[in-house]
S.K.: 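The structure's right below; bear with me while I get my questions together.
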Amino acid sequence: MPKKIHLNAFEMNCVGHIAHGLWRHPANTRHRYTDVRYWTELAELLERGKFDALFLADVVGVYDVYKQGPETAIREAVQIPCNDPLLVVPPMALATRHLAFAVTFSTTYEKPFAHARRMSTLDHLTQGRVAWNVVTSYLPSAARNFGLNRMIAHDERYEIADEFLDVSYKLWEGSWEDDAVVRDAGKGIYTDPGKVHLIDHDGRYFKVAGPHLSEPSAQRTPVIYQAGSSSRGRAFAAKHAEAVFLGGGSTEALKRNADDIRKQAAAIGRNPAHIKLLTGLLAIVGRTREEAKRKYEDFQALYSLEGVLAHYGGGSGYDLSAYAPDEVLTYAETDHGRTAAAQFTKDSPRPKTIREVKETLGTLGGRGLFVVGTPEEVADRIQYWVEATGIDGFNVIQILSPDTLRDFIELVVPVLQRRGVFREEYEESTLRERLFGAGNSRLPDDHPGAAYRKQTTLT
Ligand SMILES: Cc1cc2nc3c(=O)[nH]c(=O)nc-3n(C[C@H](O)[C@H](O)[C@H](O)COP(=O)(O)O)c2cc1C
């Protein structure tokens with residue numbers, strides 16, 4: 001029985017998410033992102049395509065590393081303008097019954113008590129169809145937006161994230177017992193106070209008394225996504241993540257990271273099968289190879305290297321405008337994203353000049369798994385990558401919205417379904433059940449969050 005593949009749509013509440021410059025394409029409707037119907041139409045399309053979820057990335061600062069300022073990012077719409085990822089979820093949840101939603105929030109800048117209630121509210125409203133992409137953030141401008149002069153050091157951001165998750169688990173898993181709400185009109189008791197507990201967390205970074213303000217939702221803890229692939233990021237993923245969005249463009253790097261996360265998870269007593277591993281996929285599909293190639297040439301002509309360099313500068317910390325073309329890019333330990341910093345340096349089979357890095361970045365698909373072809377050819381590559389890396393699925397990137405996903409759903413999904421590697425129908429389920437099987441709406445017992453269940457004292 002071939003492994004069923006998981007598919008998310010990789011999106012962001014903005015005009016320029018990844019395919020920079022393509023907002024200029026006449027068929028692109030991304031400028032409609034401020035219209036709620038843009039989102040409900042996308043959700044309905046994804047549900048028709050039987051996708052697992054819509055994954056909404058987010059940042060809380062402007063990309064201002066490239067050319068030492070935000071001008072390029074602003075001019076090129078590189079993740080600015082950009083709206084809140086969470087507020088588009090309720091209307092999409094109303095327009096669908098099965099599609100789930102992963103929203104990105106930063107443990108470096110959010111506060112755990114308010115965030116825990118926000119996520120419980122979403123889990124209630126979506127009947128358990130929500131995930132949280134846990135990020136530590138990598139933009140210095142984000143630090144300046146939240147009262148800091150510079151970013152907190154890279155590894156310390158993960159220390160904060162570890163404690164943030166512990167506080168969250170105490171609130172989600174331990175504060176309310178499953179039978180706390182009695183709603184006994186005769187006795188006038190809505191909730192049994194003996195079954196709602198303080199958490200009295202007093203840690204290095206957070207002090208939270210509790211109790212949680214939300215009653216238990218279908219999943220309690222939302223499905224935990226994570227996306228950082230540095231060594232500290234992988235250790236964090238091995239402890240907390242239920243789904244990891246792996247960076248690193250080559251199949252070798254992906255396999256290496258996937259194997260390492262599973263090995264680290266097993267070493268701390270987690271079943272590695274309780275972590276799904278995904279990566280980004282850029283697929284340009286046509287009914288014929290010629291049609292696909294024409295689309296690619298059409299998109300490449302509009303792809304903006306300046307926009308990509310602004311995006312890469314924020315993610316990696318490298319301002320490539322400051323280098324001569326023939327200089328070799330060498331790894332520098334910055335406090336930005338180390339996955340991005342490693343991609344063309346220590347993760348690259350050989351040193352690359354700035355000219356070569358710019359050529360790769362300026363080519364659509366240059367940074368990850370990329371395929372141009374017929375539906376069968378795209379499905380072939382998808383199955384090859386799953387077998388070659390051991391990953392469980394993909395975050396499908398949009399070039400034109402919604403044409404890219406519509407092409408994928410109308411042309412590639414039926415091939416994957418015919419080959420028995422993708423669902424033909426949804427089962428009634430929460431997102432966690434969809435990933436890990438019926439009856440698994442709550443965290444598995446081997447997850448660190450489960451340790452806070454059924455404890456009357458949570459300190
Ligand atoms: C594929 C991928 C997607 C990511 N998406 C986001 C995002 O939406 N928002 C964000 O702040 N960070 C995002 N990140 C950054 C990571 O969450 C993490 O904060 C950053 O990479 C630093 O971690 P690292 O040094 O372990 O890579 C992403 C990283 C990767 C590899």
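Everything numeric here is computed off the predicted structure, so don't read it as measured data.
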S.K.: If we ignore hydrogens and angles and just use 3.5 Å, is the side chain of Ser348 paired with the main-chain N or O of Gln343 as donor and acceptor?
M.R.: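 Absent.
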
S.K.: Only one of Leu7, Asn8, Ile397, Ile382 forms a side-chain contact (heavy atoms from CB on, under 4.5 Å) with Leu281, so which one is it?
M.R.: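 Of the listed options, the one satisfying the test is Ile382.
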
S.K.: Please list, chain by chain and in numerical order, all residues satisfying salt bridge (charged side-chain N to carboxylate O under 4.0 Å, His left out) with Glu76, sequence neighbours excluded.
M.R.: none

S.K.: Side chain to side chain contact (heavy atoms under 4.5 Å, CB included) for Val372 and Leu364? Distances and angles first, verdict last.
M.R.: CA-CA 11 Å; Val372 179; Leu364 256 180; over 6 Å; no

S.K.: Output yes when a side-chain donor or acceptor of Gln264 lies under 3.5 Å from a complementary backbone atom of Ile261, and no otherwise.
M.R.: no

S.K.: Before you tell me yes or no, could you show the steps for Glu11 and Arg30 under salt bridge (Lys or Arg N to Asp or Glu O under 4.0 Å), namely the whole-Å CA-CA distance, both residues' side-chain angles and the distance that decides it to 0.1 Å?
M.R.: CA-CA 11 Å; Glu11 257 301 348; Arg30 290 196 74 88; 2.7 Å; yes

S.K.: Step by step, work out the side chain to side chain contact (heavy atoms under 4.5 Å, CB included) result for Arg338 and Glu333.
M.R.: CA-CA 7 Å; Arg338 296 204 174 142; Glu333 192 114 295; 3.5 Å; yes

S.K.: For Thr126 and Leu431, run side chain to side chain contact (heavy atoms under 4.5 Å, CB included): C-alpha distance rounded to whole Å, both residues' side-chain angles, the deciding distance at 0.1 Å, then the answer.
M.R.: CA-CA 10 Å; Thr126 62; Leu431 174 57; over 6 Å; no

S.K.: Is a donor on one side and an acceptor on the other found under 3.5 Å between the side chain of Arg434 and the backbone of His6?
M.R.: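 Checking the backbone N and O of His6 against the side chain of Arg434, no donor-acceptor pair under 3.5 Å is found.
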
S.K.: Hey, could you give me the CG/CG distance between Asp52 and Leu46, rounded to the nearest 0.5 Å?
M.R.: 10.5 Å

S.K.: Quick one: OG1 on Thr121 to NE2 on His124, what's the gap to the nearest 0.5 Å?
M.R.: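 Spacing of OG1 (Thr121) from NE2 (His124) equals 7.0 Å.
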
S.K.: Check for a donor-acceptor pair, side chain of Thr363 on one end and backbone N or O of Gly366 on the other, with a separation under 3.5 Å.
M.R.: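 Answer holds: no.
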
S.K.: Nearest heavy-atom pair of Ile275 and Ala265: which atoms, and what distance?
M.R.: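 Answer, listing the atom of Ile275 first, then Ala265: CD1-CB, 3.6 Å.
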
S.K.: Answer yes or no: does atom CZ of Arg150 have more than 12 heavy-atom neighbours from other residues, nucleotides or ligands under 6.0 Å?
M.R.: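 For Arg150, atom CZ is not crowded (no more than 12 foreign heavy atoms under 6.0 Å).
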
S.K.: For a side-chain hydrogen bond (donor to acceptor under 3.5 Å, both in side chains) with Asp259, tell me which candidate from Arg256, Lys255, Lys263, Arg262 qualifies.
M.R.: Lys255

S.K.: Under the ring pair (Phe, Tyr, Trp, His ring centres under 6.0 Å) rule, what pairs show up with a residue in residues 329-351, not counting sequence neighbours?
M.R.: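 Sorted result for residues 329-351: Tyr312-Phe344.
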
S.K.: Measure the spacing between CD of Glu47 and OG1 of Thr96 and express it to the nearest 0.5 Å.
M.R.: 5.0 Å

S.K.: Tell me, do Met119 and Ser214 make a side-chain contact under 4.5 Å, heavy atoms counted?
M.R.: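 Heavy-atom side-chain distance check fails, nothing below 4.5 Å.
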
S.K.: For the residue pair Ser401 and Asn28, establish whether any side-chain heavy-atom pair is separated by less than 4.5 Å.
M.R.: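 Touching, per the 4.5 Å side-chain cut-off.
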
S.K.: Calculate, to the nearest 0.5 Å, the distance between atoms CD and CZ belonging to Gln398 and Phe10 respectively.
M.R.: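 It is 11.5 Å, given to the nearest 0.5 Å.
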
S.K.: Can you confirm whether Lys3 is buried at NZ, in the sense that more than 12 heavy atoms of other residues, nucleotides or ligands lie under 6.0 Å from that atom?
M.R.: yes

S.K.: For Arg423 and Lys50, indicate whether the former's side chain and the latter's backbone hold a donor-acceptor pair under 3.5 Å.
M.R.: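 Between the backbone of Lys50 and the side chain of Arg423 there is a qualifying donor-acceptor contact (under 3.5 Å).
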
S.K.: In Å and rounded to the nearest 0.5 Å, what is the CD1 to OH distance from Ile74 to Tyr63?
M.R.: 13.5 Å

S.K.: As an exercise, state the distance from CE of Met92 to CH2 of Trp39, rounded to the nearest 0.5 Å.
M.R.: 6.0 Å

S.K.: Report yes if the side chains of Pro85 and Phe105 come closer than 4.5 Å at any heavy-atom pair, otherwise no.
M.R.: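 In contact.
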
S.K.: If you count every heavy atom of other residues, nucleotides or ligands that lies below 6.0 Å from Arg117 atom CZ, does the total exceed 12?
M.R.: no

S.K.: I need the full list of ring pair (Phe, Tyr, Trp, His ring centres under 6.0 Å) pairs touching residues 142-170, with sequence neighbours left out, sorted by first then second residue.
M.R.: Tyr109-Phe146, His115-Phe164, Trp132-Phe164, His154-Tyr158, Tyr158-Phe236, Phe164-Phe206, Tyr169-His240, Tyr169-His447

S.K.: Going by the side-chain contact (heavy atoms from CB on, under 4.5 Å) test, name the single residue among Asp260, Thr339, Val244, Leu246 that passes it with Arg234.
M.R.: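 Answer to the side-chain contact (heavy atoms from CB on, under 4.5 Å) test with Arg234 among Asp260, Thr339, Val244, Leu246: Asp260.
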
S.K.: Assess whether side chain to side chain contact (heavy atoms under 4.5 Å, CB included) is satisfied between Arg381 and Phe370, documenting all intermediate values.
M.R.: CA-CA 9 Å; Arg381 292 303 287 162; Phe370 177 56; over 6 Å; no

S.K.: Write down the atom of Asp445, the atom of Arg453, and the distance for their closest heavy-atom approach.
M.R.: OD1-NH2, 2.8 Å

S.K.: Quick one: which of Gln219, Arg220, Arg129 gives a side-chain hydrogen bond (donor to acceptor under 3.5 Å, both in side chains) with Asp123?
M.R.: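 The passing option is Gln219.
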
S.K.: Would a 4.5 Å heavy-atom cut-off, applied to side chains only, mark His201 and Phe113 as touching?
M.R.: no

S.K.: Could you check whether any side-chain heavy atom of Val89 comes within less than 4.5 Å of a side-chain heavy atom of Leu56, counting everything from C-beta outward?
M.R.: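 Contact flag for Val89/Leu56 side chains = yes.
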
S.K.: Measure the shortest side-chain to side-chain distance between Glu433 and Thr430 over non-hydrogen atoms and say whether it is less than 4.5 angstrom.
M.R.: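 Heavy-atom side-chain distance check passes, below 4.5 Å.
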
S.K.: Can you confirm whether Leu309 sits close enough to Glu306 that some side-chain heavy atom of one is under 4.5 Å from a side-chain heavy atom of the other?
M.R.: yes

S.K.: Could you pull out the closest heavy-atom pair between Ser141 and Asp64, with the gap in Å?
M.R.: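 Scanning both residues completely, I find the closest heavy atoms to be CB-OD2, 3.7 Å.
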
S.K.: Go through it in stages, so that I can follow the logic: the residues are Arg204 and Glu163, the test is salt bridge (Lys or Arg N to Asp or Glu O under 4.0 Å), and I'd like the CA-CA distance, side-chain angles, deciding distance and then a yes or no.
M.R.: CA-CA 8 Å; Arg204 181 175 168 199; Glu163 187 179 331; over 6 Å; no

S.K.: Indicate the atoms forming the closest heavy-atom contact of Ala73 with Val62, along with that distance.
M.R.: CB-CG2, 4.4 Å

S.K.: Would you name the heavy atoms of Leu139 and Gly61 that are closest together and state the gap between them?
M.R.: CD1-O, 3.4 Å

S.K.: Judged by atom type as modelled, is there a donor-acceptor pair below 3.5 Å linking the side chain of Trp172 to the main-chain atoms of Ala116?
M.R.: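 Looks like yes, one N/O pair under 3.5 Å.
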
S.K.: Start with the C-alpha distance between Arg442 and Glu173, add both sets of side-chain angles, then the distance that settles salt bridge (Lys or Arg N to Asp or Glu O under 4.0 Å), and finish with yes or no.
M.R.: CA-CA 9 Å; Arg442 300 289 172 79; Glu173 295 296 324; over 6 Å; no

S.K.: Answer yes or no: is there a side-chain heavy-atom contact under 4.5 Å between Leu122 and Pro90?
M.R.: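 When only atoms from C-beta onward are counted, Pro90 and Leu122 do touch, with a gap below 4.5 Å.
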
